[in-house]
Amino acid sequence: GLLRLMALAALASQPGVAGGAETVGNASVGLIEFSVGKFRYFKLNRPLPEEAILRNISSNVTFLIFQIHSLYQNTTISFSKTLLPSTSGTGTDKGLVFILRPEQSMCFWYLETSDAEPVQNMAIPLSYSERDPIPGGCNLEFDLDIDPNIYLEYDFFETTIKFAPANLGYARYILPPCDTRTGQDPRWRLQYDLISQSNVPRDACKLCYILYIQTVYDNLLIKLNILMVTLTANDKTSVSFSSLRGQGVIFNVIVWDPVLNTSAAYVPAHTYACSFDAVEGNCFSLGRVSTKVFFTLFALLGLFICFFGHRFWKTELFFIGFIFMGFFFYILITRLTPIKYDVRLVLTAIAGSLGGIFLVAAWWRFGILALCMLCVGLVLGFFVSSVTFFTPLGNLTVFSNDAVFWVTFSCIVVLIPVIFMGCQRILNILTCGFIGSYSVVLAIDSYMYTSLSYIALNVLKRALSPHFRRAFTNVPFQTNDFIILAVWGMLAVSGITLQIRRERGRPCFPPHPYKLWKRERERRVTNILDPSYHIPPLRERLYGRLTQIRELFQKEQPAGERTPLLL
């Protein structure tokens, strides 16, 4: 991400390249003047609208797109002082299309904000010729007649972007046609490339500069950013992506005319999939306290399992049972009840602990190794399947069908214990290494953002939300992700290697605990030389202890004669 920004900044600094920051201004001092292709920072204060002007528009310009951006405070942009839904827009990333009349060389528009605090904005007007497609030129869904904006909706599960279809370019003196027919010549030949850029800072100035780069260098962005999906004019102009909470992401749409080899950019929109104004769980505090406590304790246990899980067999079984019961209980309680997140997390911890205790008790009493190793293998299989669908393979169209996805996912989960059933010790050590070390990654995610947490989180979202199947789940990798990936790999390899070397020459698994306990009890009963043979039964020991406690609360009885003896 840093290299991208450096490359784009170098391009912006080249002579002859459109752009370059103007002097920072304040909108409250009067008229704001703009130049084509140049962006500027300014502050808006309520309550009066401020007028903006663009002069000296070239005669070969057919239409203009004026756009304004802010970090999280809303700004209104309008064709007139009187705000109407069909001539204005309000938001953090908004733009208007100006269709120029013949001989027109000047444009006016109005800016205002309803926020009590001053709003730091960046605005830029961009010009296009008659060969360039018009973003949002065939709008039939939103209020503006020509709407170049990208509309964002997000929740915990997915972020959905919507935009209006584009139209072919035209000269100033020709009315804009918007064909409803299909074919090669009308607007149906247009294509849409959806791109994204992640790791966007929460600093308003830096954010606005990146948005400016997103707008001006649209042809270069396809190579430097992540191309999410390409749509044709026959596809729906609505796409969903997995929400990356707290991670700034800029979405943009580039419309291409393959016949004329021209393009134009929509107004880029950004989101952090969280609220800056929320009292709890806002964009500045990524993790709740309950989440940090839960995953920190879980990571400490997982780190122990990573290096010593096979030796401490019962502790590992508790860990596996905790994962099994906790995961399914959280899905069940989330889908069936509306209780708060913190309560759900506490109940999940209790249910997971009960599941771990149950698995340990089942091993202690019945000693069925195959059943325990099946649970261990299924957990490793779940992890392998999650990693498989974390790759671009998970974005294949066929897996948008829930039945196909879950059948394929389950087959991979079951396949792992089947493959390793002949070498159960290796299966157990691999599970300890990979699952135990991954718990550290989940704990890191509760303190700082990492894309690696979405290995498990994408599957959890798919299980909780029926609409998540339509979302693209590819997430960006950043510098911190590669560092965390290296730490995770180091922990997993170290834990697996240490356990394999330490367990060499030892029995694969401990013997049946209940049989050992029963044999030891019989030995004590029959061997009179054993000191434990002479220990009273448990009932007598408890009765004697209760008698001692009772004597502490009894009054001391008189001892008889109290006259001192005379010598």
Side-chain angles (χ1 to χ4, degrees), residues 156 287-310 312-366 368 371-387 409-410 413 416-417 427-428 430-447 452-465 488 491 495:
F156 172 77
R288 296 170 179 260
V289 175
S290 57
T291 305
K292 294 178 180 179
V293 172
F294 179 88
F295 282 105
T296 300
L297 296 177
F298 184 69
L300 292 175
L301 179 59
L303 198 60
F304 179 83
I305 296 300
C306 177
F307 291 95
F308 308 102
H310 189 75
F312 296 88
W313 170 242
K314 294 177 185 177
T315 307
E316 182 199 347
L317 288 182
F318 175 83
F319 183 69
I320 296 298
F322 183 92
I323 295 175
F324 241 104
M325 182 62 70
F327 184 81
F328 289 108
F329 181 81
Y330 184 84
I331 294 174
L332 185 67
I333 196 174
T334 302
R335 299 198 65 166
L336 298 182
T337 62
I339 59 178
K340 293 183 178 180
Y341 171 79
D342 293 337
V343 179
R344 290 202 308 266
L345 204 60
V346 172
L347 294 177
T348 300
I350 295 174
S353 300
L354 293 177
I357 293 172
F358 175 80
L359 188 58
V360 173
W363 159 253
W364 190 90
R365 179 61 182 84
F366 301 104
I368 305 176
L371 175 63
C372 297
M373 289 309 303
L374 178 62
C375 295
V376 172
L378 289 177
V379 170
L380 182 60
F382 179 89
F383 177 75
V384 172
S385 186
S386 300
V387 172
F409 189 90
S410 302
V413 171
I416 297 301
L427 172 62
N428 191 56
L430 289 177
T431 304
C432 291
F434 286 115
I435 305 301
S437 58
Y438 185 68
S439 65
V440 179
V441 176
L442 294 178
I444 293 175
D445 183 68
S446 63
Y447 293 93
L452 295 173
S453 62
Y454 286 88
I455 293 176
L457 197 56
N458 283 339
V459 180
L460 181 63
K461 289 182 176 182
R462 188 71 181 257
L464 292 176
S465 174
W488 176 23
L491 289 175

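It should be emphasised that the depicted structure is a prediction, and the values quoted were computed from it without experimental measurement. We're numbering straight along the sequence, starting at 1.
With Ile339 as the partner, the side-chain contact (heavy atoms from CB on, under 4.5 Å) test is satisfied by one option alone out of Thr337, Leu336, Asp342: Thr337. If you run ring-ring contact (aromatic ring centres under 6.0 Å, His included) between Phe382 and each of Phe328, Phe327, Tyr438, only Phe327 comes through.
With hydrogens and angles left out, the side-chain atoms of Thr334 and Tyr341 include no donor and acceptor closer than 3.5 Å.
With hydrogens and angles disregarded, no donor-acceptor distance shorter than 3.5 Å links the side chain of Ser386 to the backbone of Ala456. The backbone N or O of Val293 sits nowhere less than 3.5 Å from a side-chain atom of Thr296 that would complete a donor-acceptor pair. A donor-acceptor pair is defined here as one N or O able to donate and one able to accept, closer than 3.5 Å; such a pair exists between the side chain of Lys461 and the backbone of Phe156. When atom types are taken as modelled, the side chain of Ser446 and the backbone of Ala443 share a donor-acceptor pair closer than 3.5 angstrom. A donor-acceptor distance shorter than 3.5 angstrom exists from the side chain of Arg335 to the backbone of Ala463, with no hydrogens or angles considered.
The environment of Phe358 atom CZ is sparse: at most 12 non-hydrogen atoms of other residues, nucleotides or ligands sit within 6.0 angstrom.
Aromatic rings of Phe319 and Phe298 (six-membered ring for Trp) have centroids within the 6.0 Å cut-off, being under it.
Atom OG of Ser453 is separated from atom CG of Leu442 by 7.0 Å, given to the nearest 0.5 angstrom. Atom OG1 in Thr431 sits 11.0 Å away from atom NE2 in His310 (nearest 0.5 Å).
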